[in-house]
Amino acid sequence: MLDAEHIRGLIGHKGGDPGFFSVSSIDPTPSTNEEIKKAIRADAGEGAVVLSTCQTAGYGRQRRAWASPEGGLYLSCLLRPGGHAVEPSLLPSFGLAASLAVCDLLDKMGCNDQIKVKWPNDIVGTQGKYSGISNELVEGALCVGIGVNLFAPVCAQALDGKYQAAYAVPTLQSSTLKPSISTEGLDTEQTSFIEEAAAQLLVNLATAYQRWCAQGFEPFRETYMDRSSLMGRPIKLELPDCTVLEGVAVDVDEYGFLMIRDQEGRLHQAHSGEAHLV
């Protein structure tokens with residue numbers, strides 16, 4: 001099990017504010033998201049965090065199953081943007097800002113891959129999908145769930161969608177860590193690495209959240225566009241009503257909506273859906 005108090009101390013060492021977070025660790029847990037939803041309904045304060053290295057019923061965006069074997073970092077955080085006078089229409093855009101916090105984590109680790117964001121907030125590379133993010137509004141609060149594949153599990157895991165699972169630690173430069181876990185589970189060095197990753201991710205997330213509360217998504221747009229795996233490329237977008245929109249991804253607006261130009265030159269605004277390169 002991860003050491004929650006040690007993680008809080010690491011947050012301070014990394015320049016974050018450990019007082020913002022109330023960190024707990026549950027291993028295993030059905031879902032860190034469900035734990036945070038319970039906290040929201042119990043009127044818990046902003047900054048409540050639940051961590052795990054294994055979920056038995058994890059899920060991501062649109063409640064798709066998220067394979068959560070031992071060896072990953074699974075984290076959910078309670079945020080109350082209403083207390084910061086954030087415009088409600090901007091709430092979906094925080095998931096996009098959070099995706100950049102994960103990219104920064106992988107960069108700091110030394111992940112030797114071309115890390116990109118597949119709209120809205122999947123983190124992908126040439127090896128596959130490293131991370132997924134859910135951003136749920138529950139009783140006026142945000143439940144932000146992040147899963148990051150770190151160590152390769154004992155058994156290969158399948159993901160919903162067209163990407164296979166990719167694991168960060170096997171891509172690290174000059175790492176002495178074992179890239180996969182054994183049948184006995186995580187060793188001491190692997191557990192320590194996950195704790196370091198959890199602290200860094202929380203520092204990144206808090207920094208992004210504070211900026212987003214003050215300025216919305218606009219300050220993140222340029223970086224997001226640079227990180228995008230879709231911009232300027234032909235895509236097929238499967239919309240929630242099962243219709244399909246085809247065109248070229250040309251922009252992401254201040255609300256985090258994807259802008260697509262079809263073959264007739266018409267511009268379409270998409271707030272949700274599953275995008276694939278054509």
Side-chain angles (χ1 to χ4, degrees), residues 1-14 16 18 21-36 48-60 65-77 101-113 115 123 125 127-134 144-159 164-205:
M1 181 178 292
L2 301 177
D3 186 333
E5 285 305 310
H6 179 57
I7 291 169
R8 280 172 55 88
L10 289 172
I11 290 169
H13 287 305
K14 294 178 183 298
F21 296 106
S22 175
V23 181
S24 60
S25 175
I26 307 174
D27 266 320
T29 181
S31 166
T32 58
N33 277 353
E34 293 302 327
E35 293 296 329
I36 287 297
V49 173
V50 177
L51 300 166
S52 186
T53 64
C54 180
Q55 296 181 121
T56 57
Y59 65 89
W66 175 264
S68 310
E70 186 177 20
L73 169 59
Y74 312 110
L75 175 158
S76 297
C77 184
V102 179
C103 289
D104 184 67
L105 169 68
L106 294 173
D107 288 346
K108 283 184 167 65
M109 285 180 183
C111 185
N112 188 22
D113 199 353
I115 302 300
I123 311 303
Q127 304 298 312
K129 181 175 174 179
Y130 289 95
S131 175
I133 298 169
S134 63
V144 181
I146 301 175
V148 186
N149 299 327
L150 294 177
F151 295 94
V154 174
C155 298
Q157 301 292 313
L159 295 179
Q164 65 179 4
Y167 302 95
V169 172
T171 75
L172 301 187
Q173 301 173 3
S174 305
S175 174
T176 59
L177 292 164
K178 294 177 182 177
S180 59
I181 67 170
S182 70
T183 54
E184 287 75 33
L186 295 162
D187 64 28
T188 301
E189 289 185 348
Q190 290 171 327
T191 299
S192 294
F193 181 84
I194 295 177
E195 291 174 347
E196 289 276 354
Q200 185 63 62
L201 180 53
L202 288 172
V203 170
N204 294 353
L205 193 64

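Small disclaimer: the values here were computed from a predicted structure and weren't measured.
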Exercise for review: Provide the closest heavy-atom pair for Gln164 versus Gln127 in the form atom of the first, atom of the second, distance.
Suggested key: NE2-O, 3.0 Å
Review point. Side chain of Asp3, backbone of Glu5: donor and acceptor closer than 3.5 Å?
Key: yes
Point to revise | Results of ring-ring contact (aromatic ring centres under 6.0 Å, His included) for Phe151 - residues two or more places apart only | key: Phe193
Practice item. Indicate yes or no: at least one non-hydrogen side-chain atom of Ser31 is less than 4.5 angstrom from one of Tyr74. Key: no
Point to revise | Partner residues of Ala197 under the side-chain contact (heavy atoms from CB on, under 4.5 Å) criterion, sequence neighbours left out | key: Leu73, Leu105, Met109, Leu150
**Study point:** Pair Leu202-Leu75, side-chain contact (heavy atoms from CB on, under 4.5 Å): steps then yes or no
**Key:** CA-CA 9 Å; Leu202 288 172; Leu75 175 158; 3.7 Å; yes
Point to revise | Audit row: Ile7, Val49, side-chain contact (heavy atoms from CB on, under 4.5 Å) steps and yes/no | key: CA-CA 11 Å; Ile7 291 169; Val49 173; over 6 Å; no
Check your understanding: Who passes side-chain contact (heavy atoms from CB on, under 4.5 Å) against Glu35, sequence neighbours left out?
Key -> Ile26, Thr29, Lys38, Val50
Practice item. Please name all residues satisfying side-chain contact (heavy atoms from CB on, under 4.5 Å) with Ser175, sequence neighbours left out, ordered by chain then number. Key: Leu172, Leu177
Exercise for review: Would you name the heavy atoms of Ser24 and Ala4 that are closest together and state the gap between them?
Suggested key: CA-CB, 4.1 Å
Review point. Got a sec, which residues hit side-chain contact (heavy atoms from CB on, under 4.5 Å) with Ser25, two or more places apart in sequence or on another chain?
Key: Met1, Leu2, Asp27
Check your understanding: Hey, does Val102 have a side-chain heavy atom less than 4.5 Å from the side chain of Leu201?
Key -> yes
Review point. Looking at Glu195 and Leu10, what are the two nearest heavy atoms and their distance?
Key: O-CD1, 3.8 Å
**Study point:** CD1 on Ile115 to OH on Tyr130, rounded to 0.5 Å
**Key:** 5.0 Å
Check your understanding: Do you know the tightest heavy-atom contact between Ser131 and Val148?
Key -> OG-CG2, 3.9 Å
Review point. Which atoms form the tightest heavy-atom contact between Pro153 and Ile181, and what is the distance?
Key: CA-CG1, 4.1 Å
**Study point:** Neighbour count >12 (heavy atoms, 6.0 Å) for atom NZ, Lys14
**Key:** yes
Review point. When you measure from the side chain of Asn204 to the backbone N and O of Asp104, does any donor-acceptor pair fall under 3.5 Å?
Key: no
Point to revise | Rounded distance (nearest 0.5 Å) linking atom CD of Gln200 with atom CG of Leu205 | key: 11.5 Å
Practice item. List in chain and number order the residues that pass salt bridge (Lys or Arg N to Asp or Glu O under 4.0 Å) with Glu70, two or more places apart in sequence or in another chain; answer none if no residue qualifies. Key: none
Practice item. Could you pull out the closest heavy-atom pair between Gly71 and Ile194, with the gap in Å? Key: O-CD1, 4.1 Å
Review point. Sub-3.5 Å donor-acceptor pair from the side chain of Ser180 to the main-chain atoms of Ala152, do we have one?
Key: no
**Study point:** Inter-residue atom distance Asp107.CG - Asp113.CG, 0.5 Å rounding
**Key:** 11.0 Å
**Study point:** Main-chain N/O of Thr32 paired with Gln55 side-chain donor or acceptor, under 3.5 Å
**Key:** yes
